[in-house]
> 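Pasting in a structure now, in structure tokens, and then I'll have a few things to ask.
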Amino acid sequence: MWSERGEIGYSMEINRTCPKKHELKLYNNPNKKCYKCNGCKEYGNNGMRYRCEDCNYDLHKDCMFSKPTTTHEIFKDFIFKFYEQPPPSKLYGKRTKRYCSACGKHIKCFIYHCPKKDLDLHSCFLNLKKEFQIGHVKFHLPETKSKCKFCNWIDLSEIEVWSYVSECSEYNFHVYCIMKIIVEEL
């Protein structure tokens, strides 16, 4: 339902429940099996999540505790608003598909949207680290059109997607491909 502010599903930071209003409990699956989050519809890559056993309902931590507004480390000067459903496009005044600026995939439910930059993020990508290290190789997260070492594509979609690029520029991996590698390993 639209609020007076013109926003769908605007949320204060809340503890969510499953559709049957059961309390969700922190769940640790010792087998570390993948699960599909009912909030953002993306896979979780570890056993920690919020879960209703009765309803088989799971949420990532970031989907469980959504914030009305937030920022991202890469776009510190821009505000992202949380929506339970993707907001309508300002260009067309109707609902059009929205794609995650980090992974390039279609966003189906929970979304953080920055109207100023027209950026969209899955909840699970809101806290992507700007840098990380594997062994002696340090990776940075810029927006890039470099060829991914995993999929060999320059782009996953029509939008530019985020990639982790090694400091030496020899290794480049799309955020989506890193997730895919992790999910396949689990």
Side-chain angles (χ1 to χ4, degrees), residues 1-19 21 24 26 34-46 48-52 55-130 141-144 155-164 173-180 182-183:
M1 200 58 148
W2 282 90
S3 70
E4 288 180 12
R5 297 169 58 129
E7 299 162 347
I8 279 185
Y10 190 74
S11 169
M12 300 308 279
E13 187 170 339
I14 58 170
N15 288 350
R16 299 188 180 282
T17 60
C18 71
K21 306 294 183 211
L24 301 178
L26 186 60
C34 289
Y35 65 94
K36 193 163 194 174
C37 176
N38 292 92
C40 66
K41 308 298 185 204
E42 291 300 310
Y43 285 99
N45 60 6
N46 65 35
M48 297 298 291
R49 61 191 177 261
Y50 285 85
R51 178 165 179 74
C52 173
C55 299
N56 193 27
Y57 188 86
D58 297 298
L59 290 179
H60 293 116
K61 179 183 175 188
D62 293 324
C63 290
M64 175 72 172
F65 300 107
S66 57
K67 298 174 185 172
T69 59
T70 190
T71 60
H72 190 280
E73 185 178 3
I74 295 174
F75 301 102
K76 291 180 181 176
D77 297 333
F78 299 103
I79 303 294
F80 287 82
K81 292 182 182 181
F82 176 80
Y83 297 87
E84 288 183 2
Q85 295 292 319
S89 170
K90 287 185 180 179
L91 287 175
Y92 308 109
K94 62 181 179 180
R95 238 179 252 296
T96 58
K97 285 187 176 183
R98 291 201 172 268
Y99 296 88
C100 179
S101 299
C103 72
K105 288 180 66 181
H106 175 226
I107 298 178
K108 300 170 187 154
C109 281
F110 290 9
I111 180 176
Y112 280 93
H113 174 69
C114 173
K116 192 171 186 178
K117 289 264 303 176
D118 197 28
L119 293 169
D120 298 304
L121 292 174
H122 285 109
S123 301
C124 56
F125 292 129
L126 198 61
N127 297 314
L128 279 177
K129 293 182 182 205
K130 193 173 182 178
L141 183 65
E143 197 171 8
T144 182
D155 286 316
L156 287 173
S157 67
E158 294 175 7
I159 63 167
E160 288 186 32
V161 296
W162 296 356
S163 295
Y164 281 104
F173 297 98
H174 293 124
V175 167
Y176 173 80
C177 291
I178 289 175
M179 271 192 53
K180 188 173 178 176
I182 292 168
V183 168

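Positions are given from 1, in the same order as the sequence printed here.
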> Would you check if the side chain of Y112 reaches a backbone N or O of K67 as a donor-acceptor pair within less than 3.5 Å?
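Flag set: sc Y112 to bb K67 pair under 3.5 Å.
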> With sequence neighbours left out, what residues match K116 under side-chain contact (heavy atoms from CB on, under 4.5 Å)?
F78, C114
> What are the two closest non-hydrogen atoms of Q85 and K108, and how far apart are they?
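That closest heavy-atom pairing would be OE1-O, 3.7 Å.
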> Any chance you could measure D62, atom CG, to E42, atom CD, to the nearest 0.5 Å?
13.0 Å
> Could you tell me the separation between the CG atom of L59 and the NZ atom of K61, rounded to the nearest 0.5 Å?
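Those atoms lie 13.5 Å apart.
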> Measuring from R49:CZ to L26:CG, what's the distance to the nearest 0.5 Å?
10.0 Å
> Which residue in the set F110, F125, Y35 passes ring pair (Phe, Tyr, Trp, His ring centres under 6.0 Å) when paired with H60?
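Only one option passes, and that is Y35.
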> The criterion is salt bridge (charged side-chain N to carboxylate O under 4.0 Å, His left out); which residues satisfy it with D120, sequence neighbours excluded?
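Per chain and number, D120 pairs via salt bridge (charged side-chain N to carboxylate O under 4.0 Å, His left out) with R98.
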> Could you report the tightest heavy-atom contact between C100 and L121, atom names first, then the distance?
SG-CA, 3.9 Å
> Just verifying a value: how many Å separate S123 OG and E84 CD, rounded to the nearest 0.5 Å?
10.0 Å
> Is the charged tip of R16 near the ring of Y50: under 6.0 Å from the six-membered ring centre and within 45° of its axis?
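Relative to the ring axis of Y50, which defines the angle, R16 lies outside at least one limit.
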> Please name all residues satisfying side-chain contact (heavy atoms from CB on, under 4.5 Å) with N56, sequence neighbours left out, ordered by chain then number.
R51, D58
> Which distance, rounded to the nearest 0.5 Å, do you find between the SG of C109 and the NE2 of H122?
9.5 Å
> Check S101 against L119 and note the closest heavy-atom contact, atom names and distance.
OG-CD2, 3.3 Å
> How close do I79 and P115 get, counting heavy atoms only, and between which atoms?
O-CD, 4.0 Å
> With sequence neighbours excluded, what pairs up with C52 under the side-chain contact (heavy atoms from CB on, under 4.5 Å) test?
C18, H22, L24, D54, C55, Y57
> Using 0.5 Å steps for rounding, measure from the SG atom of C37 to the OH atom of Y43.
12.0 Å
> Among residues at least two apart in sequence or on other chains, which ones pass ring-ring contact (aromatic ring centres under 6.0 Å, His included) with F80?
none
> Measure across Y164 and K129 and return the closest heavy-atom pair with its distance rounded to 0.1 Å.
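Here Y164 and K129 meet closest at OH-O, 2.7 Å.
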> Specify the closest pair of heavy atoms between A102 and L128, including all atoms of both residues, with the distance to one decimal.
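Shortest heavy-atom separation between A102 and L128 comes out as CB-CD1, 4.1 Å.
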